Amino acid sequence: MCSKDTFFMQKAIELSKAAVRNGNEPFGAVLVKDGEVVYTNENQIYTMHDPTFHAEAGLIRRFCAETGITDLREYTLYSSCEPCFMCSGAMVWVKLGRLVYGASNTELEEILGNDGCNCSKMVFDNSFWQPEVTAGVLREQAIEVLKDYFGDHEKG
């Protein structure tokens, strides 16, 4: 794990905490190019009244709309938790260069009392585009945020 990954993942985890403070679920995402943060987003499913406004999909949607850039092969997306199927699909469509995440979906589902799967791997392995993936960066910190929130809240 490189120090840049740790630095940017810490920002994604802070955004996941901000999402909770703002009335949403604990997920955050940071988009980076050439070692610089270019866009951030937190989960906003409740405040936007949009169950698809996950941290990653919302980030991609807004970044592409605001910049006109739809090819992200030169970008890295840091996510506090492994992206779901929908968000992973969005990463395929924009040809994301690299994905770095903290907690896995399997770990999230375990906290929720469910069986999980490696969503991003399933989507990427069966798609025309496969971002490079680094998993488990600041994993314990990311899991702690999820446990703190979902100990008192149901998913969705």
Side-chain angles (χ1 to χ4, degrees), residues 1 4-33 35-67 69 72 75-94 96-124 131 133-156:
M1 174 172 34
K4 282 186 178 183
D5 284 349
T6 301
F7 176 79
F8 294 122
M9 182 57 66
Q10 188 61 53
K11 290 188 173 301
I13 292 170
E14 288 304 317
L15 284 163
S16 73
K17 294 175 184 177
V20 172
R21 287 191 302 273
N22 292 326
N24 294 291
E25 293 184 350
F27 303 97
V30 175
L31 188 64
V32 173
K33 182 179 181 191
E36 299 287 328
V37 173
V38 295
Y39 213 86
T40 64
N41 194 54
E42 61 192 54
N43 178 287
Q44 296 175 54
I45 62 171
Y46 299 128
T47 53
M48 295 293 288
H49 309 287
D50 179 352
T52 69
F53 212 101
H54 294 191
E56 306 90 344
L59 181 150
I60 290 169
R61 188 181 308 139
R62 283 186 166 165
F63 176 78
C64 292
E66 290 177 20
T67 65
I69 299 168
L72 302 185
Y75 295 77
T76 299
L77 194 147
Y78 292 83
S79 180
S80 60
C81 186
E82 179 182 1
C84 71
F85 291 110
M86 174 187 69
C87 293
S88 295
M91 292 173 195
V92 168
W93 288 113
V94 296
L96 180 70
R98 183 169 179 243
L99 167 65
V100 180
Y101 65 83
S104 71
N105 180 66
T106 304
E107 291 161 329
L108 168 62
E109 292 296 336
E110 185 177 299
I111 292 166
L112 298 171
N114 303 318
D115 291 333
C117 64
N118 189 219
C119 298
S120 60
K121 181 172 177 35
M122 290 178 72
V123 171
F124 299 157
V133 177
T134 302
V137 175
L138 297 182
R139 177 181 163 272
E140 292 300 324
Q141 287 182 35
I143 289 172
E144 194 59 38
V145 173
L146 296 171
K147 284 182 178 177
D148 287 349
Y149 180 82
F150 289 114
D152 296 328
H153 300 86
E154 288 186 27
K155 180 85 178 89

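Predicted, not measured: the structure shown is a model, and the values here were computed from it. Residues: numbered from 1 along the sequence shown.
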Practice task
Report the C-alpha separation of L99 and T134 in whole Å, then their side-chain angles, then the decisive distance to 0.1 Å, and conclude whether the side chain to side chain contact (heavy atoms under 4.5 Å, CB included) test is met.
Solution key: CA-CA 6 Å; L99 167 65; T134 302; over 6 Å; no

Completion exercise
Smallest heavy-atom separation, A19 atom then F27 atom, equals CB-O, 4.0 Å

Practice task
Any pair with a residue in residues 40-56 that passes salt bridge (Lys or Arg N to Asp or Glu O under 4.0 Å), sequence neighbours left out, goes on the list, sorted by first then second residue, please.
Solution key: D50-R61

Practice task
Kindly determine whether Y101 and V137 satisfy side chain to side chain contact (heavy atoms under 4.5 Å, CB included), including the steps that lead there.
Solution key: CA-CA 6 Å; Y101 65 83; V137 175; over 6 Å; no

Handout entry: Heavy-atom side-chain contact between V145 and I13 under 4.5 Å
Key = yes

Handout entry: Qualifying residue, where the test is side chain to side chain donor-acceptor pair (under 3.5 Å) with Y39 and the options are R62, K33, E66
Key = E66

Fill in the blank from the handout: Between M91 and P83 the two heavy atoms that sit nearest each other are CE-CG, 3.3 Å

Problem - Closest heavy-atom pair and its distance - V20, E25 - result: CG2-C, 4.3 Å

Problem - Interatomic distance, C64 atom SG to L72 atom CG [nearest 0.5 angstrom] - result: 5.0 Å

Practice task
Considering non-hydrogen atoms only, spot the tightest contact between A103 and A142 and give its length.
Solution key: N-CB, 3.6 Å

Handout entry: Sub-4.5 Å side-chain heavy-atom contact between Y75 and I69
Key = yes

Exercise for the section: To the nearest 0.5 Å, tell me how far T47 OG1 sits from N24 CG. Expected result: 3.5 Å

Handout entry: Min side-chain heavy-atom separation H54-Q44 under 4.5 Å
Key = no

Handout entry: Test item: side-chain donor near acceptor, N22 and Y46, under 3.5 Å
Key = no

Exercise for the section: Could you please spell out the steps behind the salt bridge (Lys or Arg N to Asp or Glu O under 4.0 Å) verdict for E14 and K17? Expected result: CA-CA 5 Å; E14 288 304 317; K17 294 175 184 177; 3.5 Å; yes

Completion exercise
One should read off an interatomic distance between L108 CG and L146 CG, to the nearest 0.5 angstrom, of 5.5 Å

Handout entry: For the student: nearest non-hydrogen atoms of R98 and D5, plus distance
Key = NH2-OD2, 2.6 Å

Practice task
Begin from the C-alpha positions of S104 and N118 and carry the test side chain to side chain contact (heavy atoms under 4.5 Å, CB included) through to its verdict.
Solution key: CA-CA 7 Å; S104 71; N118 189 219; 5.5 Å; no

Handout entry: Neighbour count above 12 (heavy atom, 6.0 Å) for F7 CZ
Key = no

Problem - Carboxylate-amine/guanidinium contact E144 K147, below 4.0 Å - result: no

Problem - Distance-only side-chain donor-acceptor flag, E82 / N105, under 3.5 Å - result: no

Handout entry: Exceeds 12 heavy-atom contacts within 6.0 angstrom, atom CD of E109
Key = yes

Completion exercise
The salt bridge (Lys or Arg N to Asp or Glu O under 4.0 Å) partners of R139 (sequence neighbours excluded) come to E107

Practice task
Examine distances only and state if a side-chain atom of N41 and a backbone atom of V30 form a donor-acceptor pair shorter than 3.5 Å.
Solution key: no

Exercise for the section: Applying side chain to side chain contact (heavy atoms under 4.5 Å, CB included), run through V123 and V92 and close with a yes or a no. Expected result: CA-CA 8 Å; V123 171; V92 168; 4.0 Å; yes

Problem - Greater than 12 external heavy atoms within 6.0 Å of M86's CE - result: yes

Handout entry: CG on L59 to CG on L15, rounded to 0.5 Å
Key = 9.5 Å

Handout entry: Check: F85 and S120 side chains under 4.5 Å, non-hydrogen atoms
Key = no

Practice task
May I ask you to decide if S16's main-chain N or O and S80's side chain share a donor-acceptor pair within less than 3.5 Å?
Solution key: no

Exercise for the section: For residues V38 and V32, report the shortest heavy-atom separation together with the two atoms involved. Expected result: CG2-N, 4.3 Å

Handout entry: Spacing of OG1 belonging to T76 relative to CG belonging to L31, to within rounding of 0.5 Å
Key = 8.0 Å

Problem - Atom pair OG1/CZ of T40 and F8 - distance to nearest 0.5 Å - result: 12.0 Å

Practice task
Please check if the side chain of N43 supplies one atom and the backbone of I45 the other of a donor-acceptor pair under 3.5 Å.
Solution key: yes

